Each structure stands twice: as structure tokens, then as C-alpha cells.
Amino acid sequence: MRAAARSFGARWRDRIAASDPGLLRLAAGLRTVGAIALTLAVLSLPGADVPHLVAGAIAAMVATFAIREKQRDRQAVTLALGLPVAFASMALAALLSSRVLAGDVFFVALIFCAVYGRRFGDRGTALGLIGFQVYFLSLFVGVTGSTLPGYYGSLAVGFVCSAVARFLLVPQTPTGILQRLREAFRARLAQLIDAQLDLLDAGPEDVGRTLTQVREGTARLHDTAMMIQGRLDEGTRDEATARLVQRRIADAEIAAERLGLLLLTARSAERADTLTLHLPGAPLPDGGHLPVRDEALDVLRRDLGALRMLVRLPVAEGTATAQVRNRLLGYRDEENLPPASPAVRDVFRGVGETARAVLGLRLALDGPQDDSDDSPETARSREELDAEDAAIGGDGGGEDDDSAAPAKDTGLRRPTTRAAVQVAVGSSLAIAGGELLSSHHWYWAVLTCWIVFINTASTGEILVKGYRRLLGTVLGVVAGIVLAGLVGHHTWTAFAVVLLCVFAMFYTAPLSYTLMSFFVTAALGVLYTLLHTYSLSVLVLRVEETALGAACGIVAAALVLPVHTDRRTNELLTTVLDRLTDVSGAAVEQLSGGPPADLLDLARELDQALADLRAATQPLTHPVTPLRTRRDTARYVVALLETCAYHARALAATAELLPTQRSITADPRLRRAGQRIRHNIGAIAARVADERSTAEVLTGPSIAALLTPGGAGTPRYGRVTDRVLRHLQRLDEAVVGLARPLGAPVAPPK
């Protein structure tokens with residue numbers, strides 16, 4: 001019973017860790033709610049009235065969510081600087097409260113400065129956000145010169161309580177966050193193996209659903225790997241440790257993705273295309289036949305379950321666990337593979353390689369393990385990992401080379417300057433239109449205009465964000481009506497409901513902007529009740545002001561220094577292609593016997609560029625877009641680029657093994673294959689940058705035929721050299737596949 005309870009608890013911990021990597025959303029919600037609750041408790045002791053309670057609560061919320069720096073000392077400095085900024089902003093709001101024109105002009109100037117401050121990094125962004133939100137707060141509660149001292153007290157209490165919540169109640173250290181992200185990576189890796197096991201067993205009617213789960217699991221694992229990458233510098237004690245963790249995370253991610261592809265191939269009559277794992281709606285090769293159930297598949301099913309167990313296993317191990325690990329690692333040797341079809345034998349090899357990656361991950365994250373029960377195969381794997389660790393520890397990485405860095409935009413072309421001008425113009429329109437709707441609540445239109453510009457870089461992104469905010473506001477108004485009717489004027493019940501809404505707002509913000517807007521509006525409905533300003537007409541006005549603010553933001557983005565979605569995506573697409581050239585070129589050069597390079601960092605730069613492109617294409621791929629062909633093309637291009645990135649990552653990881661593994665040797669003939677790939681990527685990039693470009697994409701014999709004159713069959717999984725050939729061949733095919741949707745001319749085969 002106790003063992004069952006522990007197993008149940010472990011499964012739930014895994015689910016929580018996987019659903020919220022690093023518990024970042026949970027911590028953000030708890031920290032903000034804790035700061036607000038503490039502020040309300042402190043202000044209620046001297047009997048503060050509701051407006052002062054609301055001011056203190058909003059100040060605590062702003063001081064908590066505005067600060068995004070990772071180091072605790074920098075957070076403390078920014079929080080300390082934020083209080084005088086808040087005082088100055090509130091004082092100016094009170095001073096200008098009776099001077100309508102001067103107040104409007106200053107508000108627009110403040111908005112411009114707040115957005116422009118983003119060019120100074122996280123601290124500039126935080127201080128600008130605090131200045132704007134406190135000015136907005138002053139308008140919301142009606143601060144005047146005579147009431148200013150009392151509200152200063154509420155501000156100070158809110159900031160102090162925010163500091164207490166951040167550093168004492170819900171503390172987060174870079175090391176602790178990284179540790180939780182590691183746990184999330186393990187949990188998501190186990191979930192992906194679960195989905196792969198389901199894919200192996202799925203019948204014809206379930207294969208579409210299970211393939212979708214594998215795709216989602218692969219994407220979630222990659223997202224967690226990217227989050228870990230962003231926390232390594234602050235969360236590890238030195239650069240060598242950071243590089244070791246980075247390497248082991250990359251190994252596990254690549255091995256798991258490769259295992260999924262091999263399982264797809266085992267279900268099919270032909271080798272699966274990597275694109276199948278990256279393109280939603282892509283069918284299984286040859287219809288996805290269910291493999292014949294034989295003894296080999298029963299063993300494979302058992303070993304996939306054992307692999308999942310190894311991933312989820314706590315640090316403590318026993319003899320039984322060692323035996324399982326030995327069996328799985330034994331599949332790396334040809335003589336240990338069970339009799340089966342070539343495709344199924346490849347899956348067993350993939351299980352062995354994934355088990356090796358899991359072992360390396362455990363050694364990197366948990367330290368040395370008991371090796372008394374190791375088999376010769378396991379001992380060999382440990383020796384390989386130790387050699388790689390030593391090589392990583394002795395490599396400080398290449399020096400940064402800024403000589404090839406692109407020139408920074410200046411003047412109005414600088415993104416922060418452009419955004420500041422756009423939001424200032426949009427806010428001016430929102431002020432004018434908002435005051436026509438209501439002389440008391442016009443600032444809601446300005447707030448919406450401001451928010452739709454945050455973290456957006458093109459007209460399409462602003463349009464989508466404005467639509468989502470309007471939808472969330474409309475739904476939130478309905479919820480606000482219901483909640484206001486339930487809580488009435490029961491102050492503390494209403495504040496409890498507001499706290500629940502605030503927690504939900506921060507917990508769902510990274511997942512859905514619509515949900516976040518919904519909870520914000522629902523909380524405001526309750527706050528209006530507390531301030532005795534609630535009415536149905538006020539909530540309807542809230543929707544009107546939101547629609548107006550979104551419209552003003554869209555108009556400003558479209559007419560003032562516009563950055564069209566096509567231009568934005570083309571710029572990011574060119575960046576992705578450049579990063580792909582860097583990674584694949586450096587990997588092929590190293591595999592050909594060239595000097596070593598910092599391949600993993602190059603690969604992660606490619607991943608980050610691809611993530612930026614994926615975010616920028618959201619307006620093109622949104623479900624409500626009327627341009628269906630354009631939507632499908634954007635999805636196809638991004639999926640092909642994800643396929644290219646996977647093969648480039650795999651080549652980079654293999655190239656870094658050259659100094660430590662005897663099974664991998666440099667082959668100068670690979671340069672020839674790499675030259676064609678680099679040329680084709682360059683031709684496509686030239687076409688994206690200039691439609692008049694005449695550079696042609698080259699086609700011809702397969703990579704294997706290039707390296708083995710006279711022809712060769714499709715490379716199989718077994719030998720590392722064959723695996724390199726296959727990745728190069730798939731990368732070559734994917735790059736050529738980009739030519740058609742991007743309009744690059746293709747030269748006829750010679």
C-alpha cells in the first residue's frame with residue numbers, strides 16, 4: 001500500500017512538473033497573490049479604506065510581475081529603484097488630475113518613455129512598466145493632491161510586501177529553478193516515451209491521435225530543453241558544468257526524437273520522413289501499417305516500458321534496475337539485437353542509444369552512480385561518457401566573434417524607437433476616442449493600446465493580440481456580472497475572489513492571452529463593486545474602451561512606421577537560414593576533419609531563431625485567418641525548418657563526439673556533400689531577401705551516392721557513419737523541399 005501511494009505521488013509530481021516546467025507559472029501566481037494578500041493584511045491593521053486597499057494591492061501586483069531579472073541581487077536593485085519611480089508617477093498624476101490637456105500630453109510622453117526604455121534591458125522594461133501602471137492606478141482610484149500622502153503609504157506597503165513575497169515567502173533562486181526544470185525535462189521525456197509506446201500499439205483508428213501526442217510530446221520536450229538552455233549560466237557553478245548539462249540535455253532530446261522516428265518507420269512499409277513528426281496533419285508513411293505482433297515486438301514493448309522506468313527512477317538504484325539498464329544498453333551492440341525485421345532492429349538500437357543518453361543525463365544531473373553491477377556494454381558506455389565529460393570540461397568554448405554581427409538598426413528603425421512612436425500615436429488616438437466614450441474611464445482604451453504592443457513586433461501580431469484581448473474582455477464582463485452579483489459589497493469575500501482571479505491570471509498568462517484577459521476583466525468587475533462604481537453600463541463601457549484601444553493600436557501599427565508580417569517573417573526566416581548554415585556547415589567541417597567549433601551553442605542559436613520565427617508566424621497560422629493557402633504554406637515551411645534543425649542538431653552532437661569515440665572518424669569526403677547543402681541554403685536565403693535573385697537550388701544524386709561513386713543504398717541506423725549520411729541526406733532533401741513554397745528556382749538535375 002505504501003509503495004502504491006509513493007508511486008501515485010511520483011506520477012502526480014511528474015505531471016505537475018511536466019505541465020509547468022520549473023514551476024514558474026505556479027511560483028508567479030503564488031508570489032503575486034502572496035504579495036497582494038500581505039499588503040491587504042498590513043493596510044487593514046490601521047483601518048485603510050477600500051480605495052487605499054485597492055491601490056496597495058495593485059501596487060504590490062505591479063511591483064511583483066514587472067521585475068523579470070534572473071539574479072536576486074539585480075531584482076532587489078530594480079525593486080528599490082521602482083519605488084521612487086512609482087512615487088514620481090503618482091505625484092505627477094495627482095498634480096495633473098485637474099489639467100486635462102497637460103495630463104493627456106504627459107501620459108502620452110510617459111507611454112513613449114516606458115516603451116522606449118525596453119532598449120535598456122530588463123531593468124529599463126520594469127521601470128517603464130512600473131511608471132505606466134502606477135499612473136494608470138492613480139487614474140483608477142482618483143488620486144488628488146490632498147490624498148497623495150495616504151496613497152504614498154499604500155504604494156510603499158505594496159512594494160515592501162512585494163519584496164517579502166519575492167525573497168521570503170516564495171523565493172526562487174537560479175539554481176532551484178534549473179533543478180526544477182531538469183525534473184520537468186525528465187517528466188516530459190517519460191511522457192514522450194509513453195506516447196511512443198502508445199504509437200507502437202495503436203490500431204488504425206487510433207494512430208492519428210497517438211501520432212499527435214508524439215508530436216506534442218516532442219515539441220514540449222524541446223521547449224523544456226530551450227528553457228534549461230536559458231538558465232544554465234545563472235543556475236550552474238561554472239561554465240564546464242553548464243556545458244556538460246547542455247550536452248546531456250541535447251543528447252537525450254535528439255535520442256528521444258530519433259526513437260520516435262524509428263518507431264514510425266517500424267510501423268510503415270518505407271522509411272518515415274522526419275517531417276511527419278513536425279507537420280500537424282501529416283499522414284503516416286504508407287498509411288501507417290500496424291506491425292505484426294511477434295516475439296520481437298513483445299520484447300520491444302517491454303523494453304520501452306523499462307526505458308520509461310529508467311527515466312522516472314529516483315537517484316537510488318538497485319540490482320534489478322542495473323540489470324534493466326544493462327539489457328537496454330546491450331542493444332548498442334549488434335550481437336545483442338533480437339531477430340526481427342531491419343526496421344524493428346533499428347528501434348532496438350534506438351532504445352539502446354536513448355538508454356545511453358538517459359545514463360549520461362543521470363550522471364550529469366545526479367553525480368556518480370553505483371557501477372558494481374555493470375555489464376561490459378554498460379561499462380563501455382560509462383567510459384565513453386567519462387571521456388566526453390573530460391573533453392567538455394577541458395573545452396572553454398570558442399571566443400565570441402562580433403566581427404560578423406549584423407549592424408544594429410538606428411534611429412526610427414530601431415525596434416524600441418519604432419514601437420515607442422507607434423504606441424504613443426495609438427495612445428493619443430485612444431485618449432481622444434476614449435474621452436468621447438467616457439470622460440471618467442477613457443484610460444481603459446489607453447491601457448489596451450499599450451498592452452497590445454507588449455512583446456509584439458509586427459502588425460499581424462498586434463492584430464491577433466488585440467482580437468484575443470477583446471474576446472477575453474467580453475467573456476470576462478459576463479463573469480464579472482455574475483461575480484459582482486454573488487459577492488455584493490462583502491469586502492473581504494470580494495478581495496478573496498480577486499486574489500483567485502489574480503492567481504489564475506498569472507498561472508494562465510503564458511498559455512493563453514485570452515484567458516489572462518478574461519480573469520483580469522472578471523477581477524475588475526469585483527473591484528468596481530468594492531469601489532461602489534459597479535454597474536452593467538460600466539462593464540459594457542469596458543468592452544467598448546477595449547475594442548477602441550485595440551483598434552487604435554492596430555491603426556497605429558499599420559500606418560505609423562509599419563512592420564508588415566511578411567517583412568517580419570522574412571527577416572526572421574533569413575536569420576533561421578543563416579543559423580542553419582552556421583550549424584550544418586560547422587558540423588560537416590568538423591566531421592570532415594576540420595577544427596572543432598562550439599557546435600551546441602550554434603545549435604541552440606538556431607533553435608532560438610526558429611522559436612522567434614514560429615511566434616512571428618502565428619498571425620499567418622491563426623485558425624480564424626481567411627487565407628487558408630497562406631496558412632498551410634507557413635505551417636509547411638516552419639515544419640520543414642524544424643526538420644532541418646533536428647538533423648542539424650544531430651549532426652552537431654555527432655561531430656562533438658569525434659575526439660572521444662573510436663566509432664566515429666573524420667571523412668574529408670563529407671565536405672563535398674556539405675558544399676551543396678550550404679549552396680542551397682544560401683540560394684533560398686537570397687530568394688527570401690530579394691525576389692529578383694536568380695540563384696538556383698541544386699539537385700542531383702543522393703548524399704550516399706556522392707560519397708560512394710557507383711551508388712549506394714539508403715543508409716541504415718546501425719553504424720554511426722551511416723547515421724551521419726542519413727542525417728545529411730535528410731537535411732539535403734528538406735532544404736530542397738523549402739525551394740518550392742519559398743519560390744526559389746531549382747536547377748534541373750544534370
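Quantities reported herein were computed from a predicted structural model and do not represent experimental measurements. Numbers here simply count residues along the sequence, with the first being 1.
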Contact list for residues 126-139, test side chain to side chain donor-acceptor pair (under 3.5 Å), sequence neighbours left out: none
Candidate pair Trp442 and Leu541, rule side chain to side chain contact (heavy atoms under 4.5 Å, CB included), full reasoning: CA-CA 9 Å; Trp442 55 269; Leu541 179 64; over 6 Å; no
Determine whether [X] and [Y] make a side-chain contact, defined as any pair of heavy atoms from C-beta on separated by less than 4.5 Å.
| X | Y | value |
| --- | --- | --- |
| Leu471 | Phe518 | no |
| Tyr151 | Leu137 | no |
| Pro619 | Leu463 | no |
| Gln618 | Lys465 | no |
| Arg186 | Leu365 | yes |
| Leu515 | Met505 | no |
| Met516 | Arg468 | no |
| Phe112 | Val423 | no |

Quick one: [atom1] on [X] to [atom2] on [Y], what's the gap to the nearest 0.5 Å?
| X | Y | atom1 | atom2 | value |
| --- | --- | --- | --- | --- |
| Phe519 | Thr514 | CZ | OG1 | 11.5 Å |
| Leu110 | Trp450 | CG | CH2 | 7.5 Å |
| Thr224 | Phe185 | OG1 | CZ | 7.5 Å |
| Gln179 | Glu183 | CD | CD | 5.0 Å |
| Leu53 | Trp492 | CG | CH2 | 5.0 Å |
| Thr236 | Ile228 | OG1 | CD1 | 11.5 Å |

May I ask you to decide if [Y]'s main-chain N or O and [X]'s side chain share a donor-acceptor pair within less than 3.5 Å?
| X | Y | answer |
| --- | --- | --- |
| Lys70 | Gly230 | yes |
| Ser162 | Gly158 | no |
| Arg188 | Leu221 | no |
| Gln422 | Val560 | yes |
| Ser89 | Gly131 | yes |
| Ser512 | Thr508 | no |

N/O donor to acceptor pairs below 3.5 angstrom from side-chain atoms of residues 32-42, sequence neighbours left out:
from: Thr32; atom 1: OG1; to: Ala28; atom 2: O; distance (Å): 2.8
from: Thr39; atom 1: OG1; to: Ala35; atom 2: O; distance (Å): 2.7

Given Leu178, Leu24, Ile177, the one that forms side chain to side chain contact (heavy atoms under 4.5 Å, CB included) with Met227: Leu24
Whether Tyr152 and Phe87 hold their rings parallel, tilted or perpendicular, with breakpoints at 30° and 60°: tilted
Salt-bridge criterion met for Arg604 and Asp607 (N-O under 4.0 Å): yes
Side-chain ion pair, Asp20 and Arg25, N-O less than 4.0 Å: yes
Side chain to side chain contact (heavy atoms under 4.5 Å, CB included) evaluation trace for Arg123 with Ile67: CA-CA 7 Å; Arg123 180 165 294 165; Ile67 299 174; over 6 Å; no
Identify the two heavy atoms, one from [X] and one from [Y], that lie closest to each other, and give their separation to 0.1 Å.
| X | Y | result |
| --- | --- | --- |
| Thr147 | Gly142 | OG1-O, 4.4 Å |
| Arg469 | Thr448 | NE-OG1, 3.5 Å |
| Glu253 | Ala225 | OE1-CB, 3.5 Å |
| Cys501 | Leu483 | SG-CD1, 4.4 Å |
| Arg72 | Pro171 | NH1-CB, 3.9 Å |
| Ala114 | Gly128 | CB-O, 3.3 Å |

Phe107 ring center within less than 6.0 Å of Phe132 ring center: yes
Close aromatic pair by centroid cut-off 6.0 Å: Phe140 and Trp444: yes
Can [X] and [Y] be counted as having a side-chain donor-acceptor contact under 3.5 angstrom?
| X | Y | result |
| --- | --- | --- |
| Thr64 | Arg31 | no |
| Thr175 | Thr173 | no |
| Gln172 | Arg166 | no |
| Thr241 | Asp238 | yes |
| Gln229 | Gln246 | yes |

Val77 and Glu69: CA distance, side-chain angles, deciding distance, side chain to side chain contact (heavy atoms under 4.5 Å, CB included) verdict: CA-CA 10 Å; Val77 171; Glu69 290 158 308; over 6 Å; no
Residue pair Ile462, Val464: steps toward the side chain to side chain contact (heavy atoms under 4.5 Å, CB included) verdict: CA-CA 5 Å; Ile462 292 171; Val464 170; over 6 Å; no
By side chain to side chain contact (heavy atoms under 4.5 Å, CB included) - contacts of Cys552 (at least two apart): Leu429, Ala430, Leu548
